[in-house]
S.K.: 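Supplied in structure tokens, the structure appears directly below.
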Amino acid sequence: MSGKPRLTYLNGRGRMESIRWLLAAAGVEFEEVYLETKEQYDKLIKDGFLLFQQVPLVEIDGMKMVQTRAIMSYIAGKYNLYGKDLKERALIDMYVEGISDLMQMILMFPFSPPDAKEKNLESIKERATNRYFPVFEKVLKQHGQDFLVGNKFSWADVQLIEAILAVEEKVPDVLSGFPQLQVFKTKMSKMPTIKKFLQPGSPRKPPPDAHYVETVLKVFKK
């Protein structure tokens, strides 16, 4: 073992992408194993690697971790991206949960039936502009700091920049009414570890395409 975290998932975004983002933002290099067949997935279950028979799977510090939220909490804590006390951690958790609700819509979008795509895209835009982004615009404006919690870079900032960029891929002008978030996006994108992750050739995955959707359905078919 190289000592690097080892990520097992499909070769695409899905639930692993937020974990990739968090590790990359912390400056941590990782290895990836890609599932391409149902047999590989079934073997992981048979060998007892998947506690709840689900991926993502992250092997880190001698543990085989599953459940996205637990994995990310551990990474955030390990790399000092989880606030300085319980109150800051509670704020980070609250913001992360909110962003996760928006990200869930984006995650499921590629699997929408063709006749529902336009409606689902409109739902993403509506939720982003009316429910989620106004919250973070207000937080940044009220405390006048660069970061969401404690004026220190945290897991919440990583989740937010990932969500902003994911929504912008579908709704390019989504930040037009959010000047604070525009500034936030620019600053985050210039942070060395995030800037590196946004470069071509990084472990960041492209938006899901038809091949990715097909592979997901094949690997996880009942």
Side-chain angles (χ1 to χ4, degrees), residues 12-15 17-22 24-25 68-69 72 76 81-83 87-200 202 204-209:
R13 288 187 184 174
R15 297 193 185 280
E17 190 70 357
S18 291
I19 297 169
R20 295 184 189 108
W21 262 94
L22 192 56
T68 310
R69 174 70 202 221
M72 294 184 74
L81 296 170
Y82 212 171
K87 284 189 176 178
E88 287 195 356
R89 181 172 287 199
L91 277 176
I92 289 167
D93 283 342
M94 203 160 61
Y95 295 155
V96 163
E97 286 288 328
I99 300 164
S100 297
D101 291 342
L102 177 59
M103 290 302 291
Q104 177 66 15
M105 296 174 74
I106 294 166
L107 198 70
M108 297 312 297
F109 180 75
F111 300 93
S112 309
D115 59 348
K117 277 216 180 329
E118 197 172 321
K119 178 171 170 281
N120 290 350
L121 183 60
E122 198 52 45
S123 293
I124 290 170
K125 181 180 179 181
E126 193 275 327
R127 288 282 177 90
T129 53
N130 295 327
R131 182 180 295 189
Y132 297 107
F133 288 175
V135 170
F136 301 108
E137 179 76 9
K138 186 178 177 184
V139 168
L140 291 166
K141 188 172 184 179
Q142 281 182 342
H143 66 37
Q145 295 170 340
D146 292 345
F147 304 110
L148 289 172
V149 179
N151 203 25
K152 185 173 182 293
F153 184 52
S154 77
W155 173 17
D157 300 304
V158 182
Q159 285 277 94
L160 182 54
I161 184 65
E162 181 193 1
I164 286 171
L165 296 178
V167 176
E168 277 189 333
E169 285 173 350
K170 295 175 171 45
V171 189
D173 64 347
V174 73
L175 290 188
S176 59
F178 301 103
Q180 301 290 334
L181 288 182
Q182 290 173 32
V183 172
F184 174 85
K185 175 192 155 187
T186 302
K187 283 182 178 170
M188 287 298 112
S189 300
K190 287 179 179 172
M191 284 189 67
T193 54
I194 290 179
K195 186 177 179 181
K196 184 179 177 185
F197 190 61
L198 295 175
Q199 300 300 313
S202 85
R204 186 183 183 216
K205 304 304 178 205
D209 58 11

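Only heavy atoms go into these numbers, but all of them, side chains included; no hydrogens, no water, no symmetry mates.
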S.K.: Hey, is Lys185 close enough to Glu168 for a salt bridge, meaning N to O under 4.0 Å?
M.R.: yes

S.K.: So, taking the atom named CD1 in Ile124 and the one named CE in Met103, what distance separates them when rounded to the nearest 0.5 Å?
M.R.: 10.0 Å

S.K.: Could you give the distance from CD (Gln180) to CZ (Phe136), rounded to the nearest 0.5 Å?
M.R.: 14.0 Å

S.K.: Evaluate whether atom NZ of Lys87 has more than 12 neighbouring non-hydrogen atoms of other residues, nucleotides or ligands under 6.0 angstrom away.
M.R.: no

S.K.: Which atom names give the shortest non-hydrogen contact between Phe197 and Ser202, and what distance separates them?
M.R.: O-OG, 2.6 Å

S.K.: One pair to check against salt bridge (Lys or Arg N to Asp or Glu O under 4.0 Å): Glu122 and Lys119. What are the steps and the verdict?
M.R.: CA-CA 5 Å; Glu122 198 52 45; Lys119 178 171 170 281; over 6 Å; no

S.K.: Taking all non-hydrogen atoms of both residues, which atom of Gln159 and which atom of Ser100 are closest, and how far apart?
M.R.: NE2-OG, 3.6 Å

S.K.: Quick one: does Leu165's side chain get under 4.5 Å of Leu198's, heavy atoms only?
M.R.: yes

S.K.: If you draw a 6.0 Å radius around NZ in Lys125, do more than 12 non-hydrogen atoms from other residues or ligands fall strictly inside?
M.R.: no

S.K.: With side-chain contact (heavy atoms from CB on, under 4.5 Å) as the test, would you mind laying out the steps for Phe178 and Lys138 before giving the verdict?
M.R.: CA-CA 9 Å; Phe178 301 103; Lys138 186 178 177 184; over 6 Å; no

S.K.: To check you understand the geometry: which heavy-atom pair defines the closest contact between Glu88 and Gly150, and what is its length?
M.R.: OE2-CA, 3.5 Å

S.K.: Working to the nearest 0.5 angstrom, can you tell me the gap between Lys196 NZ and Ile194 CD1?
M.R.: 13.0 Å

S.K.: Is any side-chain N of the basic residue among Arg69 and Asp93 closer than 4.0 Å to the acidic one's carboxylate O?
M.R.: yes

S.K.: Could you tell me whether Gln199 atom CD has more than 12 heavy atoms of other residues or ligands within 6.0 Å of it?
M.R.: yes

S.K.: When rounded to the nearest 0.5 angstrom, what distance separates NZ in Lys152 from CZ in Phe147?
M.R.: 9.0 Å

S.K.: Taking the side chain as everything from C-beta on, heavy atoms only, tell me whether Glu126 gets closer than 4.5 Å to Arg131.
M.R.: no

S.K.: Compare all side-chain heavy atoms of Glu162 with those of Val158 and state whether any distance is below 4.5 angstrom.
M.R.: no

S.K.: What is the minimum heavy-atom distance between Leu22 and Ala76, and which atoms define it?
M.R.: CD2-N, 4.0 Å

S.K.: Please name the residue in the list Val183, Leu181, Asp146 that meets the side-chain contact (heavy atoms from CB on, under 4.5 Å) test with Leu140.
M.R.: Leu181

S.K.: Given Phe133 and Val167, is the side-chain contact (heavy atoms from CB on, under 4.5 Å) satisfied, shown in steps?
M.R.: CA-CA 11 Å; Phe133 288 175; Val167 176; 4.1 Å; yes

S.K.: If every non-hydrogen atom of Pro110 is compared with every non-hydrogen atom of Lys117, which pair is closest and at what distance?
M.R.: O-NZ, 3.4 Å

S.K.: Considering only heavy atoms from C-beta outward, does the side chain of Pro179 approach that of Glu137 to under 4.5 Å?
M.R.: yes

S.K.: Contact between Ile106 and Lys170 at the side-chain level, heavy atoms closer than 4.5 Å - yes or no?
M.R.: yes

S.K.: CG of Asp157 to CE of Met188: how many Å apart, nearest 0.5 Å?
M.R.: 5.0 Å

S.K.: Tell me whether Glu17 contacts the main-chain N or O of Lys205 through its side chain, where contact means a donor paired with an acceptor under 3.5 Å.
M.R.: yes

S.K.: Could you pull out the closest heavy-atom pair between Ile99 and Ala163, with the gap in Å?
M.R.: CG2-CB, 3.5 Å

